[in-house]
Amino acid sequence: MRTYSSNAQLQSALHGFRQIGQSIAFVPTMGNLHEGHLDLVRKAKSLCDVVVVSIFVNPLQFGPNEDLGAYPRTLAVDKEKLFSEGVQVLYAPGVEEIYPEGMDAQSQVQVPNLGDTLCGSSRPGHFDGVTTVVNKLFNIVQPDVALFGEKDFQQLSIVRKMTLDLCMPIEIVGVRTARDEDGLAKSSRNGYLSLEQRRIAPVLHQTLNSCREAIACGFDNFLQLESHARMKLLQVGFKPDYFAIRDARTLRTVTEDTEEIAILVAATLGSTRLIDNVRLALNPVSDWGMLAGGH
Ligand code: PAF
(Lines give C-alpha, C1' and ligand atoms only; values in the text may rest on other atoms or scores of the structure.)
Protein backbone atom coordinates (compact mmCIF):
# COMPACT_ATOMS: atom_id res chain seq x y z
CA MET A 1 0.00 0.00 0.00
CA ARG A 2 1.33 3.41 -1.01
CA THR A 3 0.63 6.37 1.27
CA TYR A 4 0.63 9.93 -0.05
CA SER A 5 0.22 13.22 1.73
CA SER A 6 0.78 15.44 -1.31
CA ASN A 7 -1.90 15.99 -3.98
CA ALA A 8 0.64 16.13 -6.77
CA GLN A 9 2.24 12.80 -5.87
CA LEU A 10 -1.12 11.11 -5.41
CA GLN A 11 -2.36 12.42 -8.74
CA SER A 12 0.72 11.26 -10.60
CA ALA A 13 0.36 7.75 -9.07
CA LEU A 14 -3.34 7.60 -10.00
CA HIS A 15 -2.54 8.80 -13.52
CA GLY A 16 -0.38 5.66 -13.87
CA PHE A 17 -3.29 3.38 -12.92
CA ARG A 18 -5.66 5.16 -15.29
CA GLN A 19 -3.21 4.92 -18.17
CA ILE A 20 -3.23 1.14 -17.97
CA GLY A 21 -7.05 1.18 -17.96
CA GLN A 22 -7.65 0.48 -14.27
CA SER A 23 -10.82 1.75 -12.62
CA ILE A 24 -10.68 3.61 -9.31
CA ALA A 25 -13.00 3.33 -6.30
CA PHE A 26 -12.70 5.96 -3.59
CA VAL A 27 -13.60 5.73 0.10
CA PRO A 28 -13.31 9.10 1.86
CA THR A 29 -12.96 8.82 5.66
CA MET A 30 -11.87 10.78 8.69
CA GLY A 31 -9.93 7.77 10.01
CA ASN A 32 -10.38 5.86 13.27
CA LEU A 33 -11.48 3.05 11.00
CA HIS A 34 -13.99 0.47 12.17
CA GLU A 35 -15.86 -2.42 10.57
CA GLY A 36 -18.25 0.04 8.85
CA HIS A 37 -15.35 1.66 6.95
CA LEU A 38 -13.89 -1.75 6.13
CA ASP A 39 -17.27 -2.78 4.64
CA LEU A 40 -16.97 0.25 2.35
CA VAL A 41 -13.46 -0.84 1.38
CA ARG A 42 -14.60 -4.42 0.66
CA LYS A 43 -17.46 -3.20 -1.49
CA ALA A 44 -15.04 -0.82 -3.26
CA LYS A 45 -12.71 -3.74 -4.02
CA SER A 46 -15.57 -5.68 -5.56
CA LEU A 47 -16.38 -2.78 -7.90
CA CYS A 48 -13.03 -1.46 -9.19
CA ASP A 49 -9.40 -2.43 -9.83
CA VAL A 50 -7.84 0.12 -7.48
CA VAL A 51 -9.12 1.28 -4.08
CA VAL A 52 -8.09 4.69 -2.79
CA VAL A 53 -8.94 5.57 0.83
CA SER A 54 -8.49 9.06 2.21
CA ILE A 55 -8.03 9.88 5.87
CA PHE A 56 -8.56 13.55 6.60
CA VAL A 57 -10.20 15.01 9.70
CA ASN A 58 -11.86 17.93 7.94
CA PRO A 59 -11.93 21.01 10.21
CA LEU A 60 -14.39 22.77 7.89
CA GLN A 61 -17.24 20.42 8.87
CA PHE A 62 -16.86 20.86 12.65
CA GLY A 63 -18.70 23.66 14.46
CA PRO A 64 -16.86 25.82 17.02
CA ASN A 65 -18.17 23.79 19.96
CA GLU A 66 -17.74 20.37 18.39
CA ASP A 67 -15.19 17.61 18.93
CA LEU A 68 -12.52 18.51 16.31
CA GLY A 69 -9.69 18.55 18.87
CA ALA A 70 -10.83 15.34 20.54
CA TYR A 71 -11.68 13.50 17.32
CA PRO A 72 -9.73 10.21 17.47
CA ARG A 73 -6.64 10.18 15.23
CA THR A 74 -5.28 6.65 14.85
CA LEU A 75 -3.29 6.72 11.61
CA ALA A 76 -0.85 3.89 12.41
CA VAL A 77 -3.61 1.40 13.32
CA ASP A 78 -5.76 2.59 10.41
CA LYS A 79 -2.91 1.93 7.99
CA GLU A 80 -2.56 -1.64 9.24
CA LYS A 81 -6.27 -2.26 8.76
CA LEU A 82 -6.23 -0.88 5.21
CA PHE A 83 -3.13 -2.85 4.34
CA SER A 84 -4.80 -6.07 5.57
CA GLU A 85 -7.80 -5.33 3.34
CA GLY A 86 -5.55 -5.01 0.29
CA VAL A 87 -6.06 -1.27 -0.26
CA GLN A 88 -3.54 -0.03 -2.83
CA VAL A 89 -3.52 3.71 -2.10
CA LEU A 90 -3.94 5.76 1.08
CA TYR A 91 -4.20 9.52 0.83
CA ALA A 92 -3.58 11.22 4.18
CA PRO A 93 -3.05 14.93 3.58
CA GLY A 94 -2.45 17.60 6.21
CA VAL A 95 -4.79 20.57 6.63
CA GLU A 96 -2.39 22.84 4.69
CA GLU A 97 -2.53 20.55 1.67
CA ILE A 98 -6.33 20.73 1.50
CA TYR A 99 -6.74 24.36 2.61
CA PRO A 100 -3.45 26.02 1.53
CA GLU A 101 -4.87 29.53 1.93
CA GLY A 102 -6.77 28.74 5.11
CA MET A 103 -10.39 27.78 5.54
CA ASP A 104 -11.77 31.32 5.38
CA ALA A 105 -10.35 31.78 1.87
CA GLN A 106 -11.80 28.48 0.64
CA SER A 107 -14.57 28.53 -2.02
CA GLN A 108 -17.44 26.45 -0.74
CA VAL A 109 -19.98 24.09 -2.28
CA GLN A 110 -23.51 24.34 -0.93
CA VAL A 111 -26.33 21.90 -1.67
CA PRO A 112 -29.66 23.66 -1.04
CA ASN A 113 -32.74 22.15 0.64
CA LEU A 114 -31.34 18.77 1.67
CA GLY A 115 -28.65 20.39 3.79
CA ASP A 116 -30.74 22.77 5.89
CA THR A 117 -32.87 20.23 7.74
CA LEU A 118 -32.22 17.50 10.39
CA CYS A 119 -28.46 17.53 11.17
CA GLY A 120 -28.14 20.66 9.02
CA SER A 121 -30.38 22.64 11.42
CA SER A 122 -28.48 21.67 14.53
CA ARG A 123 -25.02 21.79 12.93
CA PRO A 124 -25.03 24.98 10.81
CA GLY A 125 -22.36 24.90 8.10
CA HIS A 126 -21.62 21.21 8.68
CA PHE A 127 -22.81 19.96 5.30
CA ASP A 128 -21.16 22.86 3.45
CA GLY A 129 -17.93 21.66 5.04
CA VAL A 130 -18.65 18.09 3.97
CA THR A 131 -19.59 18.92 0.37
CA THR A 132 -16.66 21.30 0.00
CA VAL A 133 -14.10 18.73 1.11
CA VAL A 134 -15.75 15.85 -0.76
CA ASN A 135 -15.76 18.00 -3.89
CA LYS A 136 -12.05 18.76 -3.47
CA LEU A 137 -11.24 15.10 -2.81
CA PHE A 138 -13.28 14.03 -5.85
CA ASN A 139 -11.34 16.50 -8.02
CA ILE A 140 -8.02 15.28 -6.65
CA VAL A 141 -8.76 11.53 -6.89
CA GLN A 142 -11.13 11.61 -9.90
CA PRO A 143 -12.61 8.21 -9.05
CA ASP A 144 -15.06 6.20 -11.12
CA VAL A 145 -17.01 5.19 -8.01
CA ALA A 146 -17.18 6.67 -4.49
CA LEU A 147 -18.63 4.87 -1.49
CA PHE A 148 -20.41 6.29 1.55
CA GLY A 149 -22.11 4.62 4.53
CA GLU A 150 -25.88 4.70 4.85
CA LYS A 151 -25.54 5.50 8.55
CA ASP A 152 -24.99 9.14 7.50
CA PHE A 153 -28.06 8.99 5.30
CA GLN A 154 -28.41 12.76 4.97
CA GLN A 155 -24.75 13.07 4.00
CA LEU A 156 -25.18 10.33 1.38
CA SER A 157 -28.26 12.08 -0.07
CA ILE A 158 -26.46 15.42 -0.20
CA VAL A 159 -23.35 13.98 -1.87
CA ARG A 160 -25.57 12.22 -4.42
CA LYS A 161 -27.35 15.49 -5.21
CA MET A 162 -24.10 17.44 -5.45
CA THR A 163 -22.68 14.90 -7.86
CA LEU A 164 -25.79 15.04 -10.06
CA ASP A 165 -26.16 18.83 -9.91
CA LEU A 166 -22.51 19.43 -10.78
CA CYS A 167 -22.46 16.75 -13.52
CA MET A 168 -19.61 14.86 -11.87
CA PRO A 169 -18.95 11.58 -13.69
CA ILE A 170 -18.80 9.57 -10.48
CA GLU A 171 -21.11 6.78 -9.36
CA ILE A 172 -22.09 7.19 -5.70
CA VAL A 173 -22.65 3.89 -3.91
CA GLY A 174 -24.35 3.72 -0.50
CA VAL A 175 -23.31 0.84 1.76
CA ARG A 176 -25.50 -0.70 4.48
CA THR A 177 -24.84 0.36 8.06
CA ALA A 178 -22.57 -2.00 9.97
CA ARG A 179 -23.93 -2.74 13.46
CA ASP A 180 -22.73 -4.32 16.66
CA GLU A 181 -24.63 -7.44 17.71
CA ASP A 182 -27.02 -5.41 19.85
CA GLY A 183 -27.90 -3.17 16.89
CA LEU A 184 -25.78 -0.11 17.70
CA ALA A 185 -24.53 1.40 14.45
CA LYS A 186 -20.71 1.32 14.24
CA SER A 187 -19.28 4.81 14.64
CA SER A 188 -15.96 6.36 15.56
CA ARG A 189 -17.88 8.25 18.25
CA ASN A 190 -18.97 5.02 20.02
CA GLY A 191 -15.48 5.02 21.54
CA TYR A 192 -16.45 8.07 23.63
CA LEU A 193 -19.25 6.14 25.43
CA SER A 194 -18.82 4.99 29.04
CA LEU A 195 -19.76 1.39 29.84
CA GLU A 196 -23.15 2.52 31.14
CA GLN A 197 -23.80 4.69 28.07
CA ARG A 198 -22.75 1.84 25.79
CA ARG A 199 -25.41 -0.32 27.52
CA ILE A 200 -28.08 2.30 26.80
CA ALA A 201 -26.97 3.21 23.26
CA PRO A 202 -28.74 0.35 21.35
CA VAL A 203 -32.10 1.83 22.41
CA LEU A 204 -31.56 4.27 19.53
CA HIS A 205 -31.84 1.50 16.96
CA GLN A 206 -34.59 -0.30 18.90
CA THR A 207 -36.68 2.89 18.87
CA LEU A 208 -36.19 3.31 15.13
CA ASN A 209 -37.21 -0.30 14.55
CA SER A 210 -40.35 0.00 16.71
CA CYS A 211 -41.36 3.08 14.76
CA ARG A 212 -40.76 1.33 11.43
CA GLU A 213 -42.83 -1.65 12.58
CA ALA A 214 -45.69 0.60 13.65
CA ILE A 215 -45.72 2.31 10.23
CA ALA A 216 -45.45 -1.03 8.43
CA CYS A 217 -48.52 -2.16 10.41
CA GLY A 218 -50.44 0.86 9.14
CA PHE A 219 -50.10 3.34 12.04
CA ASP A 220 -50.19 6.69 10.27
CA ASN A 221 -50.06 9.31 13.03
CA PHE A 222 -46.43 10.25 12.43
CA LEU A 223 -46.41 13.16 14.89
CA GLN A 224 -47.50 10.80 17.63
CA LEU A 225 -44.91 8.21 16.64
CA GLU A 226 -42.15 10.84 16.63
CA SER A 227 -43.15 12.22 20.00
CA HIS A 228 -43.47 8.74 21.51
CA ALA A 229 -39.97 7.88 20.25
CA ARG A 230 -38.48 11.08 21.68
CA MET A 231 -40.10 10.31 25.06
CA LYS A 232 -38.66 6.81 25.03
CA LEU A 233 -35.17 8.18 24.30
CA LEU A 234 -35.47 10.79 27.04
CA GLN A 235 -36.58 8.13 29.52
CA VAL A 236 -33.42 6.06 29.03
CA GLY A 237 -31.09 9.07 29.24
CA PHE A 238 -30.68 10.40 25.68
CA LYS A 239 -31.11 14.06 24.83
CA PRO A 240 -32.86 13.77 21.46
CA ASP A 241 -31.95 16.35 18.84
CA TYR A 242 -34.50 15.06 16.32
CA PHE A 243 -36.50 11.94 15.63
CA ALA A 244 -38.09 12.40 12.24
CA ILE A 245 -40.17 10.38 9.80
CA ARG A 246 -39.38 11.72 6.34
CA ASP A 247 -39.53 11.03 2.63
CA ALA A 248 -36.24 9.22 1.94
CA ARG A 249 -35.67 11.12 -1.31
CA THR A 250 -36.48 14.69 -0.29
CA LEU A 251 -35.86 14.39 3.48
CA ARG A 252 -39.05 16.45 3.84
CA THR A 253 -42.46 15.47 5.19
CA VAL A 254 -43.96 12.26 3.85
CA THR A 255 -46.48 12.89 1.06
CA GLU A 256 -48.63 10.78 -1.23
CA ASP A 257 -45.69 10.69 -3.67
CA THR A 258 -43.36 9.15 -1.11
CA GLU A 259 -41.97 5.83 -2.30
CA GLU A 260 -39.68 5.19 0.64
CA ILE A 261 -39.76 6.45 4.21
CA ALA A 262 -36.61 7.25 6.15
CA ILE A 263 -36.81 7.41 9.94
CA LEU A 264 -33.86 9.38 11.19
CA VAL A 265 -32.59 10.14 14.65
CA ALA A 266 -29.83 12.19 16.26
CA ALA A 267 -29.47 12.16 20.03
CA THR A 268 -26.81 12.94 22.58
CA LEU A 269 -25.78 10.51 25.27
CA GLY A 270 -23.61 12.29 27.82
CA SER A 271 -21.58 14.45 25.45
CA THR A 272 -21.63 12.00 22.53
CA ARG A 273 -23.91 12.75 19.60
CA LEU A 274 -25.10 9.59 17.84
CA ILE A 275 -27.06 9.31 14.61
CA ASP A 276 -28.86 6.41 12.99
CA ASN A 277 -31.70 5.71 10.55
CA VAL A 278 -33.85 2.94 9.11
CA ARG A 279 -35.91 2.93 5.94
CA LEU A 280 -39.18 1.46 4.80
CA ALA A 281 -40.14 1.04 1.15
CA LEU A 282 -43.82 1.71 0.48
CA ASN A 283 -45.83 -0.26 -1.97
CA PRO A 284 -47.65 2.66 -3.67
CA VAL A 285 -51.01 0.90 -4.02
CA SER A 286 -51.51 -1.17 -0.89
CA ASP A 287 -49.42 0.80 1.65
CA TRP A 288 -50.84 4.18 0.80
CA GLY A 289 -54.33 2.79 0.91
CA MET A 290 -53.52 1.60 4.41
CA LEU A 291 -51.68 4.72 5.57
CA ALA A 292 -54.46 6.89 4.19
CA GLY A 293 -56.79 5.43 6.80
CA GLY A 294 -57.89 2.07 5.52
CA HIS A 295 -56.31 0.02 8.36
O1 PAF B 1 -18.35 10.70 6.75
C2 PAF B 1 -17.21 11.17 6.95
O3 PAF B 1 -16.35 10.52 7.52
C4 PAF B 1 -16.90 12.57 6.46
O5 PAF B 1 -18.01 13.39 6.57
C6 PAF B 1 -16.31 12.61 5.05
C7 PAF B 1 -17.30 12.11 4.02
C8 PAF B 1 -15.04 11.78 4.98
C9 PAF B 1 -15.96 14.05 4.66
O10 PAF B 1 -15.02 14.58 5.54
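Atom set for the values below is all heavy atoms of this structure, side chains included, hydrogens, waters and symmetry mates excluded. One-based numbering, in listed order, for ligands and for the atoms of each. Residue numbers count from 1 along this sequence.
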min-distance protein heavy atom vs atom 5 (O) of ligand 1 -> Gln155 OE1, 2.7 Å
Contact partition for Val159 relative to ligand 1, non-hydrogen atoms under 4.0 Å = neither
Ligand-side contact atoms (ligand 1) for residue partner Thr29, heavy atom cut-off under 4.0 Å | 8 (C)
Of the choices His37, Met30, Gln61, His126, which has the non-hydrogen atom that lies closest to atom 10 (O) of ligand 1?
-> Gln61
Just wondering, more than 12 heavy atoms not from Arg176 lying within 6.0 Å of its CZ?
-> no
Judged by modelled atom types alone, do Ser23 and Asp144 share a side-chain donor-acceptor pair under 3.5 Å?
-> no
Does the side chain of Arg246 pick up a donor-acceptor pair with the side chain of Thr117 at under 3.5 Å?
-> yes
Smallest separation among heavy atoms of Glu35 and Lys186, with atom names = CB-CE, 3.7 Å
Tyr91 vs Thr3, side-chain contact (heavy atoms from CB on, under 4.5 Å): CA-CA, chis, key distance, verdict = CA-CA 6 Å; Tyr91 177 48; Thr3 302; over 6 Å; no
Ligand-residue contact atoms, ligand 1 with Val133, heavy atoms, under 4.0 Å = 9 (C), 10 (O)
